[in-house]
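When reading the values below, keep in mind they use all heavy atoms of this one structure, side chains included, and skip hydrogens, waters and symmetry mates. Naming: A, B, ... by sequence-line order, numbering from 1 per chain.
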Amino acid sequence: MVDERVRVRFAPSPTGYLHIGGARTALFNWLFARHHGGAFILRIEDTDRERSTEASARAITDTLRWLGLDWDEGPEKGGPVGPYFQSERLDLYRREAQRLLEADRAYPCYCTVEELEERRQEARNRGLPPRYDGRCRHLTEAERRRLESDGRRPALRIKAPETGQTVVQDLIRGTVVFENEKTLDDFVIMKSDGWPTYNFACAVDDAHMRISHVIRAEEHLSNTPKQMILCEALGYAVPRFAHVPMILAPDRSKLSKRHGAVAVEEFREAGYLPEAIINYLALLGWSPGDDREIMPVHEVISLFSLDRVNKTAAIYAVEKLKWVNGVYIRVADLDRLVDLLIPRLQRAGYLPAPVDAPTRERVRQILAVGRERARTLGEMPELFSYFFVEPAGYDEKGMRKYFNPETAEILSQAREVLAGVEPFVPETIETAYRALAERLGIPAAQVIHPTRLALTGRTVGPGLFDIILLLGRETVLARLSRAIDFIRANRG
RNA sequence: GGCCCCAUCGUCUAGAGGCCUAGGACACCACUCUUUCAAGGUGGCGGCCCGGGUUCGAAUCCCGGUGGGGUCACCA
């Protein structure tokens with residue numbers, strides 16, 4: 001089904017990195033647009049001149065691109081209703097504000113930030129809701145001129161309705177009724193510095209960008225009446241609203257830095273695959289309705305609908321993301337994983353800067369036998385370290401179990417076998433190893449375990465014969481000798 | 001505090017009055033496969049916030065409580 005009129009937007013403010021909640025909001029917008037064949041628009045809400053940075057805007061667009069959430073209109077791409085940075089749309093806001101002023105739907109307010117803060121504090125102390133009292137609403141022309149000549153720069157406030165109610169028809173929440181008297185006051189639409197406030201810029205842009213559906217986090221639900229009365233005052237059609245549940249930290253509080261990784265960029269650095277993050281996020285607050293958990297994104301697109309988005313805030317826990325990521329690592333294209341892993345191995349000092357073809361092939365083989373043991377790319381350098389450097393030591397429990405005079409003898413015989421086996425491939429090595437065990441009258445495991453410890457320093461890992469092949473004969477023989485010497489010196 | 005939203009296993013969720021003895025997934029615990037680990041397979045643990053209604057029948061509908069969250073800026 002293609003509805004050309006579906007136009008949705010993701011509108012981050014560039015004051016930090018894209019966090020997991022923002023990414024999920026972007027994802028739902030994107031899924032909705034793609035499902036309906038509509039347009040996904042990216043708008044940068046940089047009206048907070050103190051906190052907005054270009055670096056942050058770039059970080060956010062980079063991350064969205066990395067996640068595969070491509071936009072049809074927005075930064076770097078343009079579009080028919082741009083510009084897509086609010087800082088470049090000031091003329092529009094001023095024009096629209098002027099219209100409200102002329103229609104007597106707005107008025108200049110000369111109260112200072114300090115005065116307002118003081119009054120709010122006072123109201124709070126008296127247990128009253130901190131609302132603007134509308135004192136500048138009825139200023140005479142003369143009073144305005146006097147205040148202005150005092151050097152006061154006015155902000156602009158909307159004349160909000162004092163009675164009646166504003167009803168939001170939310171696609172996820174249903175009908176939400178707000179009593180104007182209790183929820184609205186004459187809020188600021190243009191700051192005294194001539195820049196628009198969030199609610200004003202948002203309402204103006206959503207209308208001028210012909211946004212059909214505003215899909216955003218639930219924290220904006222209580223802003224919606226404000227934007228609706230602005231639409232009414234400006235003569236705009238009201239978009240459809242859908243407020244998606246919030247993503248909370250494990251302690252049920254709002255997600256923040258102290259809860260560990262929350263920025264998508266951090267997950268990228270930790271070695272999560274974008275498709276895994278997308279899959280996980282899609283399932284946070286939405287489900288296909290059956291028991292499916294692992295779904296390629298095109299399937300999510302075809303199944304996605306707002307009425308399957310639930311209303312309950314979801315607690316974000318990394319465990320399931322890890323599992324999803326592990327699943328995707330197991331099925332990912334091997335060459336792609338090689339490309340992703342090589343820089344990490346270089347950073348760990350395990351590989352030289354230019355990687356030659358044989359080395360690349362070796363990394364590929366290590367991944368082939370080792371990837372199912374990792375849940376993130378980030379774990380891999382440590383997990384595979386012994387393929388690149390000598391084991392720094394031997395696992396404590398492993399030594400107690402597998403290193404003793406008897407195993408030193410076994411290892412030395414195993415070394416002889418490995419020195420002679422031809423060709424040096426897993427099948428022949430395994431056959432030779434099992435023959436040795438038989439000759440010694442012991443289970444193969446009693447040869448295998450000490451060997452693994454000697455070669456890797458660990459008791460866990462891929463199949464021993466794969467390890468031996470990937471280490472190469474020379475390294476294997478050297479590490480066995482070293483282990484045998486170690487045992488005789490320390491555990492004899 | 002006012003206003004608004006929400007409420008199913010620890011977590012993510014299925015559930016739109018009888019299909020529910022509440023299903024799946026992650027995590028956890030066993031067992032299994034196996035040279036170890038991982039992956040896989042099998043099984044287990046574990047939940048409808050509480051109280052009233054409505055109904056022959058309520059996880060599902062209504063009301064009230066409780067709990068959690070959001071929001072009340074010249075931040076977005």
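Note on A/Pro12: nothing from the nucleic acid sits closer than 4.0 angstrom, heavy atoms only. Residue contacts shown for A/Thr47 are limited to sugar-phosphate atoms, with no base heavy atom under 4.0 Å away. In this structure, A/Arg120 reaches the sugar-phosphate backbone alone: every heavy-atom distance under 4.0 Å involves primed, P, OP1 or OP2 atoms, never a base. Within 4.0 Å (heavy atoms only), A/Ala444 reaches no atom of the nucleic acid at all. When heavy atoms are screened at a 4.0 angstrom cut-off, A/Gly326 is found touching no nucleic acid atom at all. Counting non-hydrogen atoms under 4.0 angstrom, A/Phe465 reaches a base of the nucleic acid. At a threshold of 4.0 angstrom between heavy atoms, the contacts of A/His243 with the nucleic acid are absent.
Comparing A/Leu283 and A/Gly461 by the nucleotide of RNA chain B whose heavy atom lies nearest to each, the residue mapping closer to the 5' end is A/Leu283. Taking for each of A/Met246 and A/Arg373 the nucleotide of RNA chain B with the nearest heavy atom, the 5'-most of the two is the partner of A/Arg373.
For B/rU71, the OP1/OP2 oxygens have a side-chain nitrogen or oxygen of A/Lys254 closer than 4.0 Å. Taking side-chain N and O atoms only, A/Asn223 has no distance below 4.0 Å to OP1 or OP2 of B/rU71. For B/rG23, neither phosphate oxygen OP1 nor OP2 lies less than 4.0 angstrom from any side-chain nitrogen or oxygen of A/Arg292. Regarding contacts with the backbone of B/rC37, every side-chain N or O of A/Arg452 stays at 4.0 angstrom or more from both OP1 and OP2. Contact annotation: A/Arg157 reaches the phosphate of B/rC74 (side-chain N/O to OP1 or OP2, under 4.0 Å). Distances shown here put a side-chain N or O of A/Arg330 below 4.0 Å from the OP1 or OP2 atom of B/rG40.
Taking the C1' atom of each, B/rG46 and B/rA30 are spaced 15 Å apart, rounded to whole Å. Of the P atoms belonging to B/rG17 and B/rC62, the separation is 12 Å, rounded to the nearest Å. Using atom C1' as the reference point in both B/rU13 and B/rU8, the two lie 9 Å apart (nearest Å). Remark: the separation of the P atoms in B/rA16 and B/rU60 is 13 Å, to the nearest Å. One C1' atom belongs to B/rG18, the other to B/rU55, and the distance between them is 12 Å to the nearest Å. Between the C1' atoms of B/rG57 and B/rC5, the separation comes to 31 Å (whole Å). Taking the P atom of each, B/rG2 and B/rA59 are spaced 33 Å apart, rounded to whole Å. Separation of the C1' atoms belonging to B/rA22 and B/rG64 is 26 Å when rounded to the nearest angstrom.
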What nitrogen or oxygen pairs link the protein and nucleotides 3-7 of chain B at under 3.5 Å?
from	atom 1	to	atom 2	distance (Å)
B/rC5	O2'	A/Arg173	NH1	2.5
B/rC5	O2'	A/Glu218	OE2	3.0

Contact list (N/O, under 3.5 angstrom) for nucleotides 27-32 of chain B vs protein:
from	atom 1	to	atom 2	distance (Å)
B/rA27	OP1	A/Arg375	NH1	3.3

Please write out the pairs of protein N or O atoms and N or O atoms of nucleotides 15-17 of chain B separated by less than 3.5 Å, giving the distance to one decimal.
from	atom 1	to	atom 2	distance (Å)
B/rG15	OP1	A/Arg308	NH1	3.2
B/rG15	OP1	A/Arg308	NH2	3.3

Distances under 3.5 Å between protein N/O atoms and the N/O atoms of nucleotides 43-46 of chain B, please, pair by pair.
none

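Considering only heavy atoms from C-beta on, A/Val476 stays 4.5 Å or farther from A/Arg415 through its side chain.
Base-pair partner of B/rC45: not found among the strands shown (Watson-Crick or G-U wobble, both distances under 3.5 Å). When Watson-Crick and G-U wobble pairs are counted only if both distances are under 3.5 Å, B/rC20 pairs with no nucleotide at all. Across all strands shown, B/rG64 pairs with B/rC50; the Watson-Crick or G-U wobble distances both stay below 3.5 Å. Nucleotide B/rC72 forms a Watson-Crick or G-U wobble pair with B/rG1, both donor-acceptor distances falling under 3.5 Å. When both pairing distances are held under 3.5 Å, B/rC37 makes no Watson-Crick or G-U pair with any nucleotide shown.
Both tests hold for A/Lys226 against A/Phe187: distance to the six-membered ring centre under 6.0 Å, angle to the ring axis within 45°. With a 6.0 Å cutoff to the six-membered ring centre and a 45° limit on the axis angle, A/Arg89 does not count as a cation-pi contact of A/Phe85.
Listed nucleotides: B/rC74, B/rU11, B/rU35. Nearest to the side chain of A/Ile448: B/rU35. Out of B/rA73, B/rA76, B/rG69, the shortest distance to the side chain of A/Asp48 is found at B/rA76.
With A/Gln86 as the fixed residue, the side chain to side chain donor-acceptor pair (under 3.5 Å) test singles out one of A/Asp205, A/Asp48, A/Asp46: A/Asp205. With respect to A/Thr451, the side chain to side chain contact (heavy atoms under 4.5 Å, CB included) criterion is satisfied by exactly one of A/Leu453, A/Leu455, A/Ile448: A/Leu455.
A/Thr175 and A/Gln169 share a donor-acceptor pair across their side chains, judged by distance under 3.5 Å alone. When only modelled atom types and interatomic distance are considered, A/Ser385 and A/Arg458 share a side-chain donor-acceptor pair under 3.5 Å. Side-chain atoms of A/Asn310 and A/Thr312 form no donor-acceptor pair, as typed in the model, at a separation below 3.5 Å.
Here the CD1-CG distance, from A/Ile158 to A/Leu234, works out to 7.5 Å after rounding to the nearest 0.5 Å. Taken to the nearest 0.5 Å, the CG atom of A/Leu334 stands 5.5 Å off from the CG atom of A/Leu367.
A/Trp286 and A/Phe304 have their aromatic ring centers within a separation under 6.0 angstrom. The six-membered or imidazole ring of A/Phe28 lies away from that of A/His213, with a centre-to-centre distance of 6.0 Å or more. A distance below 6.0 Å separates the ring centres of A/Tyr433 and A/Phe465.
For residues 157-174 of chain A, the pairs satisfying salt bridge (Lys or Arg N to Asp or Glu O under 4.0 Å) are A/Asp104-A/Lys159, A/Arg173-A/Glu218, with sequence neighbours left out.
For A/Glu219 and B/rG69, a side-chain-to-base donor-acceptor distance below 3.5 Å is absent, hydrogens and geometry of angles not being considered.
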Take A/Phe241 and A/Met228, measure what side-chain contact (heavy atoms from CB on, under 4.5 Å) needs, and give me the verdict at the end.
CA-CA 10 Å; A/Phe241 291 103; A/Met228 286 174 72; 3.9 Å; yes
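Every ring pair (Phe, Tyr, Trp, His ring centres under 6.0 Å) that A/Tyr402 has, sequence neighbours left out, goes to A/His449.
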